[in-house]
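Lettering of chains follows the sequences in order, A, B, ..., and the numbering in each one begins at 1.
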Amino acid sequence: MSDLLAHLNPPQLAAVTLPPQHALILAGAGSGKTRVLTTRIAWLISTGQVGPQGVLAVTFTNKAAKEMQARLAALLPINTRGMWIGTFHGLCNRFLRAHHREAGLTAQFQILDSADQLAAIKRLLKNLNIDDEKYPPRELMHFINAHKEQGIRAAQAEAYDAYTSRRVELYGEYEGQCQREGVVDFSELLLRSYELLQRNEPLCQHYQARFRHILVDEFQDTNRLQYAWLKLLAGRGSVKSESAGACLFAVGDDDQSIYAFRGAEIGNMRALQREFDLPEVIRLEQNYRSHGNILDAANALIKQNRGRLGKNLWTEAGAGEPIRVFEGYSDIAEAAFIVEEICELAGDGVSRQQMALLYRSNAQSRVLEHQLFKQGLAYRVHGGLRFFDRQEIKHALAYLRLLANPDDDTAFARVVNFPTRGIGGRSIEALQEAARQSNCSLYNAAASLAGKPGGAVARFIAMIESLRAETRDLPLPEVIDQLIERSGLRQHYLADKEGQDRLENLDELINAASSFLKDDGVPLVDGDEVVPDGGPLASFLAHASLEAGEHQAGEGQDAIQLMTVHAAKGLEFDIVFITGLEQGLFPHENAAQEREGLEEERRLMYVAVTRARKRLYLTHAQTRMLHGQTRYCLPSSFLEELPVELLRKINRGLSSAPLAPPRSTAVAGAAWQQPAAANALRIGQNVRHARFGVGVIVSSEGAGPEARVQVNFGAGGVKWLALEYAKLTPA
DNA sequence: ACAGCGTTAGTTTTT
DNA sequence: CTAACGCTGT
């Protein structure tokens, strides 16, 4: 036990050994947050304050959940498998499988991932003959998910105009379709669980009594529904607990909240303080990751945000190196500089894996990749296609889903004609019509409508039926093997000269099923209850939806790491390059208009800065290819928010930008007014506008009194201005 | 059924 | 500029 608590700093120790009460731990970047979380659980259990089954630990990602589980297993001599440690979605899935009847679901209910959900919505619109120009499927999906994340069903949704009223109707139709098909989307997992707990008091009280300690990671990322769910389980929701509810131990960092766009409510942190009457928050401010200069820069930057809970990172490590700032003439020059530095560092023996290139948006990786490739440097781009997202895997899983649940129309539509078997658009439309008329699934419609026994539809149904009958008692990996064979998938990819990789992935799927059965597939028996489910098939399918698998390519290699700043959250590297630090890019122009948006961008920058352990590079370019056009860019305002004494500009030979761009880029109108003036307006020229401030001229059109210039004002956006009226002075 | 063409949009993303 | 999508023609 003393081992357990050794090497904790005072606030960490205070957090870990807090008496049973609600708490908010404000955990800065690199402050040992995961350690505190896992040690807290271990301490609670090893001091006998709670049994393993009395703990509920929630994270957002599978990676975090696995890490917590692994660390806990290393701290405690108990089997952590039966414990309720997992993602919000994973735990809700477990809960709904155990109580599927009360939740109004079948034991076989399937989970739609985002792609499936979108396909389901497109199918719905087609069925209802709705113009998807007027109701774009993606937008409708967002509308539905946003409502679910607020805990709002179609029946309660407000419609303030005709358009929204129609969308609410469609939301309702979508709910009906999912229910008919026996599928739930990601947000439904949460909403369904929440509603069941709220409606079923005995059940809710059972879980309230069971979980004595609820621990939440990344609390700043919770949405309204997730917070409501936590409150309910902690006995602070609408169902009151007779005994005292669980203690809620929330760990988070408001300065690292970067997911507002997907529903995260930063306000949940203050709400928690208020609603749970927290006297104080424990701050973990000692940083074990970065050198002092990097932390000073991060602290100075984030101080610009308003309404923070407040926190100042510090370290016992020295100040370290200054932060290097580089300005390139173009995005290409920027990338070339970075690659040059990387070569030098690699020559000095720095591991390539310890160097990360961060950018605001994915499109930026292209130029960087190109330069790295030219130098023959190994690199890895994070955020690519994941294992269970591959089309061949999705096809195989769709067959599997159809075996488990014939009503799953999304699965049916996906594979009814893949590999092609002569069931074209008209047959499918006929099936859809028939299904609608008799209000049944596509599969049932196909089964009853498969008129001529020799028809393609009849053959498909027969194939699925015999597959289901003959694989009923086979172990899962063999079922998958059979299905790949009998569906014609193997044959199809064998014939495709580029199908080699896909066949290997299909074999990998069989392996994944074997190891799933070995690791996670054991029937869960925890505490007093046996957790039932729809059998190994249903749980494997749930696993596939909930855990799309890590990005596979080049995992172990010593390669330069490329990723968006979002993807870098939670990671750390010796050397970090933050690239594209330009107004309009980072902060992004879509976000920089309002304070809230700009503050979120600043938090994003804060996350980026705090990834670096030893050395940080901030790079930007004067010009950048964007949407096929050369954009003239101003340096990011975030650069100005960093204390200048921490920075070192390192523009070397190759960077020297032509300060006077070529004559041919002179703006027509300006040239007409003052042809030879030294301060003639030209593309790339910095100008000042009375209202919008400083900007760069991006392009121009027209001549004489009609001449207009397009100016990039960064945070103020990109604007067209008539030279005759707008008073632009060189800046 | 599928290739080829034209059109359009173009932050961030986990489950 | 490009990638992705949808439509049309064979």
Report, as a single string ordered 5' to 3', how protein heavy atoms within less than 4.0 Å touch nucleotides 8-13 of chain B: B base, S sugar-phosphate only, - not at all.
--BBBB
Are a donor atom and an acceptor atom from the side chains of A:Asn268 and A:Thr222 found within less than 3.5 Å of each other?
yes
What is the distance from CG of A:Leu91 to C1' of B:dT14, rounded to the nearest Å?
15 Å
Rounded distance (Å) that lies between atom P of C:dT2 and atom CE of A:Met625
8 Å
How would you list all residue pairs meeting salt bridge (charged side-chain N to carboxylate O under 4.0 Å, His left out) that involve residues 617-633 of chain A, not counting sequence neighbours?
A:Glu334-A:Arg624, A:Glu582-A:Arg624, A:Glu589-A:Arg631
When the P atoms of C:dC5 and B:dT12 are considered, how many whole Å apart are they?
15 Å
To the nearest angstrom, how far is A:Glu369 atom CD from C:dT2 atom C1'?
14 Å
A:Asn145 has an atom CG; how far is it from atom P of B:dT15, in whole Å?
15 Å
Given atom CG of A:Asp113 and atom P of B:dT14, what is their separation to the nearest angstrom?
13 Å
Rounded to the nearest Å, what distance is computed from the CZ atom of residue A:Phe95 to the P atom of nucleotide B:dT15?
22 Å
What is the distance, rounded to the nearest whole Å, between atom NE2 of A:His370 and atom P of C:dT2?
11 Å
Cation-pi check, A:Arg97 to A:Phe109: give yes when NZ or CZ is under 6.0 Å from the six-membered ring centre and within 45° of the ring axis, no otherwise.
yes
Is A:Asn62 close enough to B:dT14 that one of its side-chain N or O atoms is under 4.0 Å from OP1 or OP2 there?
no
Rounded to whole Å, how long is the line connecting atom CZ of A:Arg421 with atom C1' of B:dC2?
17 Å
Return yes if the base of B:dT15 and the side-chain atoms of A:Ser114 contain a donor-acceptor N/O pair under 3.5 Å, otherwise no.
yes
Within a strict 4.5 Å, meaning less than it, do heavy atoms of the A:Glu599 and A:Glu594 side chains meet?
no
Consider only side-chain N and O atoms of A:Asn417 and A:Arg421, and report whether a donor and an acceptor are under 3.5 Å apart.
no
Should the pair A:Arg262-A:Asp221 be classified as a salt bridge under the 4.0 Å nitrogen-to-oxygen rule?
no
Between A:Asn405 and A:Gln108, is there a side-chain donor-acceptor contact under 3.5 Å, judged purely by atom types and distance?
no
Base, sugar-phosphate alone, or nothing: which one does A:Asn417 contact when heavy atoms must sit under 4.0 Å apart?
sugar-phosphate
With P as the reference atom in both, quote the distance from C:dA4 to B:dT13 in angstrom, rounded to an integer.
15 Å
Please report the distance separating the C1' of B:dT11 from the corresponding atom of C:dG6, rounded so that it comes out in whole Å.
25 Å
